[in-house]
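Note that the numbering runs from 1 along the sequence shown for the chain.
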Amino acid sequence: MQSKQMLTLDDVKKIAAAAEAEAIKNNWAVVISIVDDGGHLLWLQRLDGVAPISAHIAPAKAKTAALGCRESRIYEEMINNGRVSFLSAPYIDGMLEGGVPIMLNGQCLGAVGVSGVKSAEDAQIAKAGIAALGL
């Protein structure tokens with residue numbers, strides 16, 4: 001039988017606090033979403049001034065990154081390069097940059113999805129959150 005690492009509530013709070021700090025430092029209004037390895041929502045935080053649609057986009061990006069065990073931007077790049085068949089991929093609908101998996105020893109523990117600013121900035125915030133775990 002195999003053992004499996006998983007995110008704790010303390011881990012999630014550390015990620016969220018670091019991601020929020022990165023967003024505030026840059027004066028970016030965003031939604032921060034954290035999911036487990038199955039894409040199930042563990043945290044949703046909506047900063048003041050962000051567009052309401054971002055509360056739907058951020059969890060979708062996180063779920064896509066968690067289920068695929070790769071950044072959501074990978075799917076966006078494949079589609080933009082002509083592989084439009086990925087638009088029909090089941091269970092993933094956040095195929096935009098800004099979803100980043102939380103990886104430990106090759107195992108995906110979950111993901112962070114951010115929405116509200118430019119996609120690369122969303123990813124920057126997600127990565128800052130994950131960095132707080134010191135993995």
Just by modelled atom types, is the Gly38 backbone N or O under 3.5 Å from a matching donor or acceptor in the Asp36 side chain? yes
Show me the donor-acceptor pairs, under 3.5 Å and distance only, between side chains in residues 108-118 and residues at least two apart or in other chains.
| unit_1 | atom_1 | unit_2 | atom_2 | d |
| --- | --- | --- | --- | --- |
| Ser115 | OG | Ser54 | OG | 3.2 |

Between Gln45 and Glu20: side-chain donor-acceptor atoms closer than 3.5 Å: yes
Could you tell me the separation between the CE atom of Met103 and the CG atom of Asp37, rounded to the nearest 0.5 Å? 10.5 Å
ILVMFWY cluster, Leu104 and Met6 together (side-chain gap under 4.5 Å): no
From CH2 (Trp43) to CG (Asp11), nearest 0.5 Å: 12.5 Å
Between Ile34 and Leu9, is there a shared hydrophobic cluster once you connect ILVMFWY residues whose side-chain heavy atoms come closer than 4.5 Å? no
Lys127/Glu71 ion pair, N-O < 4.0 Å: yes
In terms of heavy-atom contacts, Ile125 and Trp28 come closest through CD1-CE3, 3.4 Å
Working to the nearest 0.5 angstrom, can you tell me the gap between Glu22 CD and Ile32 CD1? 10.0 Å
Donor-acceptor pairs are to be reported for all side-chain atoms of residues 85-101 against protein atoms at under 3.5 Å, with residues two or more places apart or in another chain.
| unit_1 | atom_1 | unit_2 | atom_2 | d |
| --- | --- | --- | --- | --- |
| Ser88 | OG | Ser85 | O | 2.7 |

Between the side chain of Asn80 and the main-chain N/O of Glu77, is any donor-acceptor distance below 3.5 Å? no
What distance separates Ile74 CD1 from Thr64 OG1, expressed to the nearest 0.5 Å? 12.5 Å
Starting from Leu44 and following side-chain heavy-atom contacts under 4.5 Å between hydrophobic residues (I, L, V, M, F, W, Y), which residues can be reached? Val31, Val35, Leu41, Val50
What's the shortest heavy-atom distance between Ala65 and Ser72, and which atoms? CB-N, 4.3 Å
Nearest 0.5 Å, please: how far is CD1 in Ile102 from CG in Leu7? 4.5 Å
Cationic N near anionic O, under 4.0 Å, Glu76 to Arg73: no
Under a 3.5 Å cutoff, is there a donor and acceptor pairing between the side chains of Ser119 and Asp122? no
Can you check whether Gln124 reaches Asn26 side chain to side chain, under 4.5 Å on heavy atoms? yes
